[in-house]
Amino acid sequence: MQNTQPIQQDLIYVGASDRRLALFENVYPVPRGVSYNSYVLLDDKNVLFDTCDSSVSGQFFENVQAALEGRMLDYVVVHHMEPDHAATLMDILIPFPEATVVCSAKAAQMIEQFFAYKPEKMQVVKEGDEIVTGRHRLQFIMAPMVHWPEVMMTYDSTSKTLFSADAFGTFGALSGNLFADEMNFEHEWLNDARRYYINIVGKYGMQVQNVLKKAAALDIQMICPLHGPVWRENLGWFIGKHDTWSRYEPEDRGVVIIYGSIYGHTEAAALRLGTLLAQRGVKNIKAYDASHTHASKLVAECFRASHVVLASSTYNNGLFTPIESLLTDLKAHAWQRRTVALIENGSWAAQSGKLMRAELEQMKDIAIVGEPVSLKSAATPAQEEQLAALADAIANSCKL
């Protein structure tokens with residue numbers, strides 16, 4: 001059964017959602033599923049913006065046929081060649097052999113890499129090129145490394161709609177409501193939007209800033225991303241979130257405590273620090289066990305907050321592996337401009353504090369606040385004073 005949705009009079013949503021997928025890109029948990037968005041524009045020349053992942057191909061093909069209602073398909077615009085959006089590219093050309101594939105030069109190379117041949121009809125476009133489909137004028141905007149090098153976007157100057165590729169996307173399947181303003185987005189979707197952006201695109205802040213500058217020059221009234229809801233209201237708020245994330249600025253002034261604890265003693269000290277921070281007026285403290293929280297969430301939380309406490313046991317004379325992995329992930333995502341406090345533990349030779357500091361020194365603009373607290377197996381009553389002093393330092397820094 002077809003499941004299309006009208007967006008505008010001549011623009012139809014033909015994407016589909018997958019709730020069976022456990023790991024997006026075989027890395028990131030998606031307990032709420034994910035949507036693969038595609039759009040059909042009806043005009044003198046009809047356009048399909050992107051295809052979809054093979055997991056939802058049956059629904060997608062039905063939707064495209066329903067949206068066209070027997071019309072020809074003239075163009076297939078490829079914004080991004082990642083298989084979750086392009087796996088079915090050659091399949092859609094079987095019933096529509098007359099369609100011209102429109103893409104960037106790098107995408108044209110990738111099409112041949114993925115499929116071993118190219119479509120018979122292909123139009124390679126560059127920055128500023130346009131296609132007039134009748135009433136609509138489509139302008140192409142190159143967006144390299146957001147988050148692959150071949151990515152481009154399309155701006156429809158007639159409807160003032162930006163087809164934004166993976167930009168402004170989010171994890172989460174769609175349940176009927178298509179528009180962000182039909183949902184409680186800030187409370188139910190923002191965490192997934194942040195986790196999506198930070199983990200998928202977060203490394204490429206400079207490139208995102210370049211695209212945001214291009215977008216600022218356009219009159220954008222609607223954003224149609226490749227994942228998640230369509231935006232037609234409060235665009236400035238959501239674009240502002242991406243501006244903050246891509247400048248590596250903290251989204252919230254607050255404290256996230258992340259601990260790696262083997263038998264619970266490091267955890268006890270970390271959670272005691274959380275209580276001491278609360279007693280000093282720090283609000284919205286978040287604490288996470290690195291062994292039980294997926295790294296993608298920890299990375300997103302480290303980007304969200306201004307202050308992070310890292311507490312780690314020493315393990316085989318090195319870092320406890322979940323904390324070591326987290327620091328590797330943070331470095332890979334260009335994490336920077338944050339304030340960090342440290343707690344270490346070691347029964348015979350505490351090394352984790354020194355090792356965490358060495359990793360942080362390889363990142364940009366990371367400030368260590370307070371004196372690190374060093375435990376030997378477990379915190380002693382006398383170390384309450386050290387934890388209190390560290391809480392003072394963090395709380396005072398949060399107020400600045």
Side-chain angles (χ1 to χ4, degrees), residues 2 4 12-18 20-21 23-28 30 34-41 45-68 71-127 129 131 133 138 140-154 163-167 169 200-201 204 207 224-227:
Q2 68 88 10
T4 62
I12 302 169
Y13 178 84
V14 295
S17 289
D18 184 357
R20 298 182 179 183
L21 184 68
L23 296 174
F24 184 80
E25 294 186 350
N26 214 21
V27 179
Y28 308 111
V30 282
V34 66
S35 71
Y36 304 109
N37 298 348
S38 303
Y39 310 89
V40 165
L41 179 67
K45 300 287 186 179
N46 302 309
V47 183
L48 171 64
F49 294 104
D50 297 293
T51 58
C52 70
D53 188 82
S54 57
S55 65
V56 295
S57 59
Q59 183 70 73
F60 166 71
F61 294 137
E62 280 195 68
N63 288 350
V64 172
Q65 295 281 3
L68 289 171
R71 300 177 181 89
M72 294 177 60
L73 182 61
D74 298 282
Y75 295 107
V76 179
V77 176
V78 177
H79 292 116
H80 182 23
M81 266 305 298
E82 199 165 5
D84 57 331
H85 307 298
T88 51
L89 173 61
M90 292 305 184
D91 295 326
I92 199 67
L93 297 177
I94 295 172
F96 301 108
E98 73 282 355
T100 298
V101 173
V102 180
C103 63
S104 68
K106 287 188 180 295
Q109 296 173 8
M110 289 186 181
I111 289 173
E112 193 165 10
Q113 290 171 197
F114 276 108
F115 299 106
Y117 65 97
K118 292 183 179 180
E120 290 185 13
K121 295 183 177 181
M122 179 177 291
Q123 182 173 345
V124 174
V125 294
K126 61 183 184 302
E127 181 78 30
D129 283 355
I131 289 177
T133 62
L138 308 178
F140 301 104
I141 301 163
M142 299 300 114
M145 300 317 301
V146 185
H147 64 115
W148 279 18
E150 89 299 355
V151 172
M152 70 177 190
M153 302 178 181
T154 300
F163 298 91
S164 62
D166 268 351
I200 303 296
V201 191
Y204 303 109
Q207 289 85 349
C224 292
L226 286 176
H227 297 290

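For the numbers below, each heavy atom of this structure counts, side chains included, while hydrogens, waters and symmetry mates do not.
Side chain of Gln2 to backbone of Thr4: a donor-acceptor contact under 3.5 angstrom is found. Using modelled atom types, one side-chain atom of Ser104 and one backbone atom of Ala107 make a donor-acceptor pair closer than 3.5 Å. Remark: side-chain polar atoms of Glu150 are paired, donor with acceptor, to backbone N or O of Met81 under 3.5 angstrom. Tyr39 places no side-chain N or O within 3.5 Å of a backbone atom of Gly15 that could act as its donor or acceptor partner.
Side-chain atoms of Ser38 and Phe60, non-hydrogen and from C-beta on, do get closer than 4.5 Å to each other. For the pair Ile131/Lys45, no side-chain contact is recorded, criterion being any heavy-atom separation below 4.5 Å from C-beta on. Using a 4.5 Å cut-off on side-chain heavy atoms (C-beta onward), Phe96 and Asn46 make no contact. Residues Ser55 and Tyr36 form a side-chain contact, since some pair of their non-hydrogen atoms from C-beta on lies under 4.5 Å apart. Taking the side chain as every heavy atom from C-beta outward, Pro95 and Gln65 approach each other to under 4.5 Å. The closest side-chain heavy-atom distance from Val34 to Leu21 is below 4.5 Å.
When all heavy atoms of Trp148 and Met110 are compared, the closest pair comes out as CE3-SD, 3.9 Å. Phe115 approaches Ala86 most closely through the heavy-atom pair CZ-O, 3.4 Å. Shortest non-hydrogen contact noted between Pro119 and Met90 is CD-CE, 3.6 Å. Closest approach of Leu48 to Thr51, counting heavy atoms only: CD2-CG2, 4.1 Å. Of all the heavy atoms in Cys103 and Met152, the pair that sits closest is CA-CE, 3.7 Å. Residues Ser54 and Ala87 share a closest heavy-atom pair of N-CB, 4.0 Å.
Atom CD of Gln123 sits about 8.0 Å away from atom CG of Asp129, to the nearest 0.5 Å. With values rounded to the nearest 0.5 angstrom, Leu226 atom CG is found 8.0 Å from Asp84 atom CG. Summarising the geometry, atom OH belonging to Tyr75 is positioned 12.0 Å from atom CD belonging to Glu98; distances are rounded to the nearest 0.5 Å. The distance from atom CG of Leu73 to atom CG of Leu93, rounded to the nearest 0.5 Å, is 8.0 Å. One distance of note links OH of Tyr28 with CD1 of Ile200; it measures 4.5 Å at 0.5 Å rounding. Atom OG1 of Thr88 and atom CG of Asp53 lie 8.0 Å apart (nearest 0.5 Å).
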Any chance you could lay out the side-chain contact (heavy atoms from CB on, under 4.5 Å) test for Val102 and Val47, step after step, and finish with the verdict?
-> CA-CA 10 Å; Val102 180; Val47 183; over 6 Å; no

I would like to know whether Asp91 and Phe61 meet side-chain contact (heavy atoms from CB on, under 4.5 Å); could you show each step before the answer?
-> CA-CA 9 Å; Asp91 295 326; Phe61 294 137; 3.5 Å; yes

For His147 and His80, run side-chain contact (heavy atoms from CB on, under 4.5 Å): C-alpha distance rounded to whole Å, both residues' side-chain angles, the deciding distance at 0.1 Å, then the answer.
-> CA-CA 9 Å; His147 64 115; His80 182 23; 3.5 Å; yes

Should Leu89 and Phe114 be marked as a side-chain contact (heavy atoms from CB on, under 4.5 Å) after you check the CA-CA gap, both sets of side-chain angles, and the distance that decides it?
-> CA-CA 10 Å; Leu89 173 61; Phe114 276 108; over 6 Å; no

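Sorted by first and then second residue, the salt bridge (Lys or Arg N to Asp or Glu O under 4.0 Å) pairs with a member in residues 99-125 read Glu112-Lys118; sequence neighbours excluded.
The side-chain contact (heavy atoms from CB on, under 4.5 Å) check on Ala105 picks up Val124, with sequence neighbours excluded.
The closest side-chain donor-acceptor pair between Asn37 and Tyr13 falls under 3.5 angstrom. Checked by atom type, the side-chain pair His85/Asp50 shows no donor-acceptor distance below 3.5 Å.
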